[in-house]
Amino acid sequence: MSNSVLIPYNKVPQYQLATVLLVGSEGLGKHGFGKCLIKNTWFYLQVRTATTLPLPVTSDSSRPRIDYICFLIDLTSRDSLKTVEESLKHVDVRYFLGKCCFVALKVKNPEKRAIFIEQIAQLSQQYKSDVLYGSFETEAESAFLAEQILKSVEIAAGLQKNKSPMFLECCRFPVAGEESAE
Amino acid sequence: MPSLDESNIFQDTLEYFVNGGKIKKRGNVELSLALKTLEDVSKSKGLTTEDIISLIKVAASGYHGDVISCKLIKCLVPASQFPVRAVELGLSFMCTSKPSNKVQATLLRLLIAVYDYIDEKETVQKLGYLLFYFIENTVLTPYVCHLLYLLTRKEDVRLYRVRKLLELQTKLGPQPYLIGLLSIYKLYFPNLVSIVIPNTRKQFFPTRDRQWYAVIKEVQERNQAADTAHMKSSLELSEKLQAAELSMLHGIPPAKRRKVDPIPVVHSSSSKLTVKLSSRLMAMLEEKPLPFVQIQNIETLLKNPDRVELPSQMGAALRSPLLQCFMSYNADPLMTSRFSYWIQDTLCEKLLYSTQTPACFPEIESILKKLIQFTEFIQEGIPVVDKVLFRYLQIWNGLDFRQEIFRLVSRCRLYPFSVLNENILEPLRKLFVRTSVFIKCQVMLCLSQLLQNYAMVEIPRYNQKYPEAKPGISVFEDDIGMFDPLTSVIELIGYVDRLASVGLALENDHNILLHFTLSFYELVSTLHARYGLPFVYLPSRHMIRALLCDNATGPARLCGVINSYKSNCQMLKDDATNNEIEIPGYQKKETIHSLNILILDLCDSLWRRKAFSHGRNNSYLNFDLEHLATEASDGLSLYLHQAFLPFALLFLKETQPKENIGHPKGIKNVRDMFMEFLQRENIGEIKDFILNTITRYRNSTSDTKNKV
């Protein structure tokens, strides 16, 4: 069991390097987006992709420490949400302190939408992680999404002096639903 | 020639349907080919007026049976205008027993879909109430209600109709379409409709035929682009009113763009009342209404405010400055709710319910821009727009229409903080912590403007609203309950303050962001003096960052802000009336106490040369003295501060001999001259601050002035 859970702090970080893991079902354009991330980055970045968690068991040394996880959800496919929900079970709780985010794609095609926005909002509230909406359709949108993710990755990987993901959380004010849930 | 062939085939198809006699349905290749041709033509070019008239005769009579009739009706896409003759024919066939319910329903849906393109709405409005007889037909009721909602005029509202509707409502339960129609009746004659229309503004008539609408619109747009000559016939109305200034006043765009633009043109039927009215209704109406299109200038409008007949579509207000004037002057609930309905529908459709492609961005942008112009003009936000905005912000990608969205957010109405936080601040925070410094600045600016809007417009409005319950303070009424607006505003300030401190830390005190933050504090500091709010809110301690910045404007503006805080606190203290007001979560004494500490700190570091050796333990600059060299206390003084060193050097160059300009420390004894120098360099805030706070210095300067 413990092997299958992804843990943020069990490995030594590599010098000046951040690693992002993109999790999402096939056909979302993870690789294209990974390239977009690398193109727009201003620090050393490694992008890994996986269709689902847990990651296959390999010899430990070959896999770097994962600093940040992006869960990609395609709003027009119910399966993609299911994949993400399954994968979330194999993630250490410390990732949810600002070291992961959800990315909801194809938000601009409401006719084809198969998942309610409320479901996504609930997911985000349950895991206390932000949802970024967008799409990979145009260059500008991908780049903007990449920029937002890179900013969080930089902090999550500890590349910024005196800043931690928890620091960003301090300006969040609890939304009504969260308070009652506690 | 292929085009000739095509038109021949099309004519044959028409013949086939119109004069062809009975058609066999099952396995009829000819029929399916004919339908295909018709569909293709209508989807690509649309049908001419004559074709529509001849086809509607066949279709509406149900001659070929339900299936074919419905398919035919769906093909009646007008190339430019939908002929009023076809409407007449359709309505008259509806009143016969020939077509089945299904065909009737499809006909009504057609009329709703093409309502905007009918050439003489006047006739439709006159005939439309025939449809009221179908209101009890359960299949047709929703469509009948929708169509009637579109064409109801004041004189159409009758007591027996209201009774009928209420009867239906008790039978069917509160259906949205019935409430929709009743709501418009209630707006015209509140005395006739006694039921309460629920305030939750749902969509009365959800659109089911989105694809159909899209096809019609597409055909119109394509024809627009293809030939403008075709348009001429349809523009008779505006040709009558060709006077250039008039079209300016109504904001009518050039003919080419008109149909493409979703914002309707000012249009009303120049109706003379032909209906015989009961004496009671006559008394209500008093005079013959004056159609809005006939109003040429503002004087006419001002002379006949009671007689104006509103244009058929209130959305035209976004286009016509004259109508905007009228709306803000009259604040008639009928007008505003019609406008609200239209704007909500349009925005929902454009932003939330339909696929956005880059091609439709300019259109949405222009609507948003016009809407912003309008809200600027009436000086208030529109509640339904806020509601749409709340929903849109949740799924916003942070990129599209950013400027317009921020402008609309800054015009938002007053809400309890929890609502504000969930719907506006949380999406903005998500954007703020993840983006570059420039977008952070935009967010700061947007929130500052929101605060200003609250202080300047919304709080006075709220205060007026409750104690005296005066109607008509705002054009658009909202339905927010009672809450303490001041707490909401204080919490907002606290939130932005926290956001700013996080932002500054993330961006390593970026100068631009620092200045946006200082502008925000400037605004907060003047809330009492300028807008009469009974509190002074002191930002958190990170404010002292501005003092440590390496750009002279940072410390200077900080001094200015503190100055303003000081005078505001003084004013608040002197103003006895405010002392009784208690605001939960706000402690006045503590605020004054920490302001004093801040002032002492600034004086100690800039003037008294003991930034770290002051011996107070609640200071903003609290360092362990063991880790500091004794000289360090001098480091933040006016002439040695990193930000002022260049000025010190300039000062020395100006005053000292060239060979030996000396060390800036030498300025210690001529600090007042140095301050004059700074003032000459446009950094006057420092001098004001020192003058204001250090009594000894003030006295000495006034003494010297007296002596001179």
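Every chain is numbered from 1, with letters handed out A, B, ... down the list of sequences.
Taking CG from A/Leu75 and CD1 from B/Ile395, the interatomic distance works out to 8.5 Å, rounded to the nearest 0.5 Å. The CD atom of A/Glu137 sits 9.5 Å away from the OG1 atom of B/Thr357 when rounded to the nearest 0.5 Å. How far OG of A/Ser124 is from CD of B/Glu426: 7.5 Å, rounded to the nearest 0.5 Å. Atom OG of residue B/Ser436 and atom CG of residue A/Leu150 lie 12.5 Å apart, to the nearest 0.5 angstrom. Taken to the nearest 0.5 Å, the CG atom of B/Asn397 stands 11.0 Å off from the CG atom of A/Leu105.
Side-chain contact between A/Cys170 and B/Val502 is present, with at least one heavy-atom pair separated by less than 4.5 Å. Between B/Arg429 and A/Asp130, some side-chain heavy-atom pair lies under the 4.5 Å cut-off. Taking 4.5 Å as the limit, some side-chain heavy atom of A/Leu132 sits within range of a side-chain heavy atom of B/Arg434. The shortest distance between side-chain heavy atoms of A/Leu145 and B/Leu399 does not fall below 4.5 Å. Between B/Asp400 and A/Lys108, the closest side-chain pair of non-hydrogen atoms falls below 4.5 Å. When side chains are defined from C-beta on, A/Gln148 does not count as touching B/Val433, because their heavy atoms never get closer than 4.5 Å. With contacts defined as side-chain heavy-atom distances shorter than 4.5 Å, the pair A/Lys163/B/Asn508 qualifies.
Under the 3.5 Å distance criterion, the side-chain polar atoms of B/Lys430 are matched with a main-chain donor or acceptor of A/Val131.
With a 4.5 angstrom heavy-atom cutoff, B/Ile439 touches chain A only via side-chain atoms. Of the two parts of A/Glu154, neither the backbone nor the side chain holds a non-hydrogen atom closer than 4.5 Å to a non-hydrogen atom of chain B. Using a 4.5 Å cut-off between heavy atoms, B/Phe417 touches chain A through its side chain atoms alone. Residue B/Asn423 does not touch chain A at all, counting heavy-atom pairs closer than 4.5 Å. A/Phe144 touches chain B through its side chain: at least one heavy atom from C-beta onward sits under 4.5 Å away, while N, CA, C and O do not. Residue A/Ala104: no heavy atom, backbone or side chain, is found under 4.5 Å from chain B. Of the two parts of A/Ile117, only the side chain, counted from C-beta on, holds a non-hydrogen atom closer than 4.5 Å to a non-hydrogen atom of chain B.
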side-chain contact (heavy atoms from CB on, under 4.5 Å) evaluation trace for B/Gln356 with A/Asn109: CA-CA 7 Å; B/Gln356 289 171 18; A/Asn109 303 62; over 6 Å; no

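No more than 12 heavy-atom neighbours from other residues, nucleotides or ligands sit within 6.0 angstrom of CZ on A/Arg78. Within a 6.0 Å radius of OH in A/Tyr44, no more than 12 heavy atoms belonging to other residues, nucleotides or ligands are found. By the 6.0 Å contact criterion, CD on A/Gln119 is enclosed, its count of non-hydrogen atoms from other residues, nucleotides or ligands being greater than 12. Counting heavy atoms of neighbouring residues, nucleotides and ligands inside a 6.0 Å radius, atom CD of A/Glu26 does not exceed 12 of them.
Residues A/Glu111 and B/Thr355 have side chains that bring a donor and an acceptor to within less than 3.5 angstrom of each other.
Residues A/Lys151 and B/Glu507 are paired through a salt bridge, judged by an N-O separation under 4.0 Å between the basic side chain and the carboxylate.
Between chain B and the residues A/Glu141, A/Arg113, A/Gln160, the most heavy-atom pairs under 4.5 angstrom are made by A/Glu141. Taking chain A as the reference chain and counting heavy-atom pairs below 4.5 Å, the highest number among B/Pro358, B/Pro427, B/Ala505 is found for B/Ala505.
Pairing each heavy atom of A/Tyr133 with each of B/Trp396, the nearest pair is CB-O, 4.0 Å.
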